[in-house]
Amino acid sequence: MQKMSRRTLIIWIGILSVLGMLLRWTGIRYAGVDYENSLLTWYLQLKEGGTLAALADYQGDYNLPYATVLYFLTFVPVEPVISIKMVSILFDYLEAVLVMKMVRMASEEEKRDLYGIIAFGLVLCNPLAVINSGYLAQSEGIWAYLALLSFWYIQQDKPVKGMWAMGCAIAMKLQSVFILPMVLILYFYKKRFSILHLLWIPIAIQALCIPAILGGCSFDIAYKLFSHMLGKYPFLYYYYPNIWTFFKEAPYYQFGKAAIIIAFTALLLFAVLLVQSGRKPAMREYLEYIVWTTMTCAMLLPCMHERYNYIAELMLPVCALFDRRLWIPAVFLNLFSLQCNGQSYLGWEKVSHYSLAAGNLAIYFYLTRRCFYGLYKSYRECRGVKSC
């Protein structure tokens, strides 16, 4: 396969970039229920306040760093529905570029340009990403980019930058911690940086809260909001079709902790097996591990929102570039999530969440078998070699 020229590469990036914007622009003025009842309400409240003191009166349930973004957008002479969406769209592009870099690193020399371009298009033009930013004005692209950037820096042995990116991701949305297991696994597996580097995470979170603190918020406002959010929706099943869909009547106060323990145990088993396997994963394997670890959180933790599996839904089609067997799971995972989002926000016809949950679980168990079988096979081979 002939390597692409730089000019051809730029042309393809330009074509896909225009296509991605056109897809989003079709819904740029769409004002959904979530936008009308939440984002616009918070925007108007911050605009009426005028100064940073408005952040101290902020009543929304998104983190204060995102509210700070909304505050500064009130000074931009553009319709709020457009300015709010354009911030999320910007991060969609940054995320597509970042994934393209990851895929180029994971690809063979002769396929590097082609796979990089395809990955760029898969992320940027993914219907879930288009709907999330271009129609719903949601912020998944922001925290997903920062979370993936954290993994990228740490994988590149740049732990300080990685922890700052992780802190910024968590500051934007707590669900960014879904990629934290992969960050910790990298620490215990590579051991090329101190565990104390994790302290940069709360420092980054605090740094993004400086405008709110200057506006009159308490110094620990970020952590107060986190604790408030953790206890806001005490349900085993909320919106995302996962294992707890089949136990939605079970009381959270009895089974909530058990659900957290189950998820933690699954991640711990994976981490131990990875370390003990003696395997040196390639980037393409790391990408699949990211899908599995983030999906483990979405499938096994209680009270999951329909947008919390966003990273896995964007990255699984990218992983399918390296293994065709993943295309069918990738397509169905995205279709299930599209249906879930569509019936929640776009008025689509209802489909049983039991059916969606069964489909998601089938995909999750398939990915679990792939990851664990590969690591267990390496572990058995390692035990047979004394140098391991």
Side-chain angles (χ1 to χ4, degrees), residues 102 140 143-157 159 162-202 204-205 226 230 240 242-243 257-277 279-305 307-316 319 360 363-365 367-372 374-376 378-379:
M102 292 179 176
E140 268 55 45
W143 64 264
Y145 163 73
L146 292 169
L148 289 171
L149 184 64
S150 172
F151 166 79
W152 172 254
Y153 277 138
I154 292 170
Q155 203 278 334
Q156 296 292 306
D157 296 324
M163 295 309 171
W164 269 88
M166 187 78 259
C168 291
I170 294 173
M172 283 295 171
K173 208 160 192 179
L174 187 57
Q175 285 67 43
S176 303
V177 299
F178 289 2
I179 208 170
L180 190 58
M182 207 53 233
V183 171
L184 293 174
I185 287 169
L186 274 177
Y187 164 73
F188 287 109
Y189 182 71
K190 300 179 78 170
K191 292 184 179 178
R192 293 183 185 174
F193 60 91
S194 170
I195 195 70
L196 294 177
H197 278 91
L198 290 170
L199 294 176
W200 288 111
I201 293 177
I205 293 172
F226 285 150
L230 285 172
Y240 188 70
N242 61 9
I243 192 171
K257 290 182 179 178
I260 294 172
I261 291 172
I262 291 171
F264 177 80
T265 301
L267 292 167
L268 183 61
L269 287 172
F270 174 80
V272 170
L273 188 55
L274 176 60
V275 173
Q276 292 297 317
S277 68
R279 191 168 190 162
K280 295 181 179 179
M283 175 58 80
R284 66 180 66 181
E285 293 171 310
Y286 276 129
L287 295 179
E288 193 169 334
Y289 294 160
I290 286 175
V291 171
W292 184 83
T293 53
T294 53
M295 195 169 183
T296 294
C297 295
M299 295 305 298
L300 301 182
L301 286 174
C303 197
M304 290 292 98
H305 207 285
R307 302 192 301 269
Y308 290 178
N309 200 30
Y310 187 78
I311 289 179
E313 291 155 357
L314 256 63
M315 295 303 294
L316 188 55
C319 293
N360 278 341
I363 294 169
Y364 174 65
F365 290 141
L367 296 176
T368 300
R369 182 187 178 280
R370 278 179 59 96
C371 288
F372 276 77
L375 291 175
Y376 180 69
S378 296
Y379 171 72

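When a residue number appears, it is its place in the shown sequence, counting from 1.
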Hits for side chain to side chain donor-acceptor pair (under 3.5 Å) against Arg284, two or more places apart or cross-chain, chain-then-number order -> none
Among all residues two or more places apart in sequence or in another chain, which pass the side-chain contact (heavy atoms from CB on, under 4.5 Å) test with Ala258? none
Trp200: which residues meet the side chain to side chain donor-acceptor pair (under 3.5 Å) condition with it, sequence neighbours left out? none
With Gln175, which residues qualify under side chain to side chain donor-acceptor pair (under 3.5 Å), at least two apart? Tyr308
Please name the pair of heavy atoms, one in Ala266 and one in Leu300, separated by the smallest distance, quoted to 0.1 Å. CB-CD1, 4.0 Å
Applying ring pair (Phe, Tyr, Trp, His ring centres under 6.0 Å) to Tyr145 and not counting sequence neighbours gives Phe91
Over all heavy atoms of both residues, which pair between Val291 and Leu316 is shortest? Give the atoms and the distance, please. CG2-N, 3.8 Å
Of all residues at least two apart in sequence or in a different chain, which pass the salt bridge (charged side-chain N to carboxylate O under 4.0 Å, His left out) check with Glu313? none
The criterion is side-chain contact (heavy atoms from CB on, under 4.5 Å); which residues satisfy it with Ile261, sequence neighbours excluded? Thr265
What one should report as the nearest heavy-atom pair of Tyr286 and Pro281 is CE1-O, 3.6 Å
Residues forming a ring pair (Phe, Tyr, Trp, His ring centres under 6.0 Å) with Tyr310, sequence neighbours excluded: none
Near Phe264 CZ, under 6.0 Å, is it more than 12 heavy atoms from other residues, nucleotides or ligands? no
Suppose we screen for side-chain contact (heavy atoms from CB on, under 4.5 Å). Which residues come up paired with Ala259, at least two apart in sequence or across chains? Leu236, Trp244, Pro302
Applying side-chain contact (heavy atoms from CB on, under 4.5 Å), name anything that partners Pro181, two or more places apart in sequence or on another chain. Leu267
Phe178: partners by ring pair (Phe, Tyr, Trp, His ring centres under 6.0 Å), with sequence neighbours left out: none
For Thr296, which residues count as a side chain to side chain donor-acceptor pair (under 3.5 Å) partner, sequence neighbours excluded? Tyr364
Could you go through Ile311 and Met295, starting from their C-alpha distance and side-chain angles, then the distance that decides it, and tell me whether this counts as side chain to side chain contact (heavy atoms under 4.5 Å, CB included)? CA-CA 8 Å; Ile311 289 179; Met295 195 169 183; over 6 Å; no
